[in-house]
Amino acid sequence: MRRTRITAAIAAITVATAALTACGGGTATGDGGNKNPKTLTYWASNQGKNLDDDKQKLTPELQKFEKQTGIHVKLEVVGWPDLLNRILTATSSGQGPDVLNIGNTWSASLQATGALLSFDDSTFNAIGGKQRFVPSALGSTGVAGKPPAAVPLYSLAYGLYYNKKLFKDAGIANPPTTWSELVSDGKKLTTGGKYGLAIEGANNAENIHHAYIFAKQHGGDFFDASGNPTFTSPGAVAGVKQFVDFMAADKITAAGDAEYAQNQSLQDFATGKAGMLLWQAAGVQLAQRGMKPADWGVAPVPVQSGAPGQGTQVNTMVAGINLAVFKNTQNRDGALKFVKFMTSDDEQKILNGKYGSIPPVTSAQSDPQFSNPEQTVLRQGLAKSAVALPQVAKESQFEDLVGPALKDLFADAAAGRPVTDDSVRKRLEKAQQQMTG
């Protein structure tokens with residue numbers, strides 16, 4: 001997921017409201033209703049190769065829903081660079097879509113706006129029951145102890161993807177299990193214009209996800225138990241530095257990756273320019289880029305030592321997409337019917353199969369298509385060694401401030417400027433001051 005400044009979104013509310021009124025289904029009543037029972041507006045996130053790819057994947061399913069219910073769904077696929085700002089503008093103006101996809105890491109922040117329909121017991125019952133969903137996926141739907149602001153739609157986890165041919169040519173028998181092994185293997189792979197590891201140094205979301213997991217592995221965090229920022233904690237500083245050092249000190253990542261923000265690392269991996277990639281459910285997108293399944297393997301993301309688990313052994317975030325309903329919808333009943341349809345067993349199998357993600361609905365996971373080697377690694381990661389990003393109201397600000405701080409650090413590394421503990425701490429301190437100031 002990718003971001004632009006939250007403050008820019010709030011400043012743009014007046015300009016954006018007219019456009020949102022035209023495309024959205026909301027009213028200004030604040031409690032929803034059924035004034036427009038035959039139409040829904042749906043903002044989908046970009047999960048596929050591009051926006052058109054998503055439209056092709058989703059349209060047959062929306063047509064199926066219309067045939068079943070008589071409700072027409074107006075689909076708009078919104079790219080990640082724009083989605084959060086579009087949602088924030090809509091929550092502030094009261095004018096938005098009926099149903100929308102949100103990154104699950106935003107759940108608590110958007111919950112705090114009060115603009116999304118809460119999924120209490122009665123609402124969950126209307127879509128088939130809360131017990132249908134995997135507990136770890138429900139853990140990223142809002143602040144603990146409060147009714148969720150959304151329900152899980154697609155579950156994702158990070159894996160370490162590796163190019164089998166490049167590994168064989170470099171004499172590497174097995175994928176690395178620790179970061180020291182990854183650096184060692186990466187140096188063997190970095191030759192002849194090829195690099196060991198592809199990253200997205202200008203991608204705020206990717207930066208945040210990896211920084212958070214590295215911090216956890218160093219015993220740190222970016223928030224304390226009360227939800228206050230601790231961006232400069234020793235574990236956070238150590239984790240960020242270790243991640244940036246793949247480019248700055250270890251030299252296993254190309255300097256050009258500092259400017260990557262739009263899946264270019266996927267392309268480099270698919271075309272053999274990089275031997276390893278840290279990504280969420282990359283298989284479908286690698287195939288779209290011409291890479292055959294036999295050419296790559298996937299393994300758990302490395303840890304500092306030992307094996308993946310909990311505490312300092314976590315190796316992935318609970319990644320994924322949630323489905324939310326705007327509280328101001330003109331078709332509350334239809335919106336809940338749509339959520340029930342999208343989270344039904346049949347649709348969960350179809351949609352997650354198309355995207356290569358994991359169904360967050362327990363009963364859908366038993367489908368054989370989710371038992372291939374890639375899905376098995378990702379499912380095990382979610383079940384045994386995943387952690388949710390902080391479910392605090394300021395989480396989206398965290399992404400919006402710390403993500404660019406890492407982008408700046410990667411820019412320093414690409415330019416040959418030293419990346420030290422002190423320079424990392426100063427970047428993170430500035431981000432924390434922006435949040436608290």
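Residue numbers run from 1 in the order of the sequence given.
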List in chain and number order the residues that pass side chain to side chain donor-acceptor pair (under 3.5 Å) with [X], two or more places apart in sequence or in another chain; answer none if no residue qualifies.
X	result
Gln433	none
Ser155	none
Ser363	Asp345

Whether the [X] and [Y] side chains hold a donor-acceptor pair (N or O, under 3.5 Å, no angle test) is what I'd like checked.
X	Y	answer
Glu200	Ser265	yes
Gln242	Gln304	yes
Asp120	Ser118	no

> Listed by chain and number, what are the side chain to side chain contact (heavy atoms under 4.5 Å, CB included) partners of Thr436, not counting sequence neighbours?
Replying inline: Pro229, Gln432

> Can you name the side chain to side chain contact (heavy atoms under 4.5 Å, CB included) partners of Ala112, sequence neighbours left out?
Replying inline: Ala393

For [X], check ring pair (Phe, Tyr, Trp, His ring centres under 6.0 Å) against everything at least two apart and list the hits.
X	result
Phe124	Phe119
Phe133	none
Tyr158	His209, His210

> Do the rings of Phe398 and Phe222 sit parallel, tilted or perpendicular, given the 30° and 60° boundaries?
Replying inline: tilted

>> Parallel, tilted or perpendicular, judged at 30° and 60°: which one describes the rings of Tyr355 and Tyr154?
In response: perpendicular

> Does some side-chain heavy atom of Glu395 sit less than 4.5 Å from a side-chain heavy atom of Trp106?
Replying inline: yes

> With side chains defined as the heavy atoms from C-beta onward, is the minimum distance between Ser357 and Leu378 less than 4.5 Å?
Replying inline: no

>> Salt bridge check, Lys426 against Asp422: does any charged N sit closer than 4.0 Å to a carboxylate O?
In response: yes

> Is it true that Asp82 and Arg86 make a salt bridge, defined as a side-chain N closer than 4.0 Å to a carboxylate O?
Replying inline: no

Centroid-centroid under 6.0 Å between [X] and [Y] rings:
X	Y	value
Trp179	Phe214	yes
Phe246	Phe410	no
Tyr161	Trp279	no

>> Restricting to salt bridge (charged side-chain N to carboxylate O under 4.0 Å, His left out), what partner residues turn up for Asp221, sequence neighbours left out?
In response: Lys216

> With sequence neighbours excluded, what pairs up with Lys64 under the salt bridge (charged side-chain N to carboxylate O under 4.0 Å, His left out) test?
Replying inline: Glu61, Glu347

> Once you round to the nearest 0.5 Å, how far does CG of Leu277 lie from CD of Gln285?
Replying inline: 10.0 Å

> Say you draw a straight line from OG1 of Thr123 to CG of Leu117; how long is it, rounded to the nearest 0.5 Å?
Replying inline: 5.0 Å

> Taking all atoms of both residues into account, what is the closest heavy-atom pair of Ile102 and Ala150, and its distance?
Replying inline: CD1-CB, 4.0 Å

> Got a donor-acceptor contact below 3.5 angstrom from the Ser93 side chain to the Gln95 backbone?
Replying inline: yes

Using distance only, find each side-chain donor-acceptor pair of residues 135-147 under 3.5 Å and give its atom names and separation, not counting sequence neighbours.
unit_1: Thr141; atom_1: OG1; unit_2: Leu138; atom_2: O; d: 2.5

>> Enumerate the salt bridge (charged side-chain N to carboxylate O under 4.0 Å, His left out) contacts for residues 36-54, please, sequence neighbours excluded, ordered by first and then second residue.
In response: Asp53-Lys57

> Within a reach of under 6.0 Å around NZ of Lys407, are more than 12 heavy atoms found that belong to other residues, nucleotides or ligands?
Replying inline: no

>> Please determine whether the number of non-hydrogen atoms from other residues, nucleotides or ligands lying under 6.0 Å from atom CD of Gln267 exceeds 12.
In response: yes

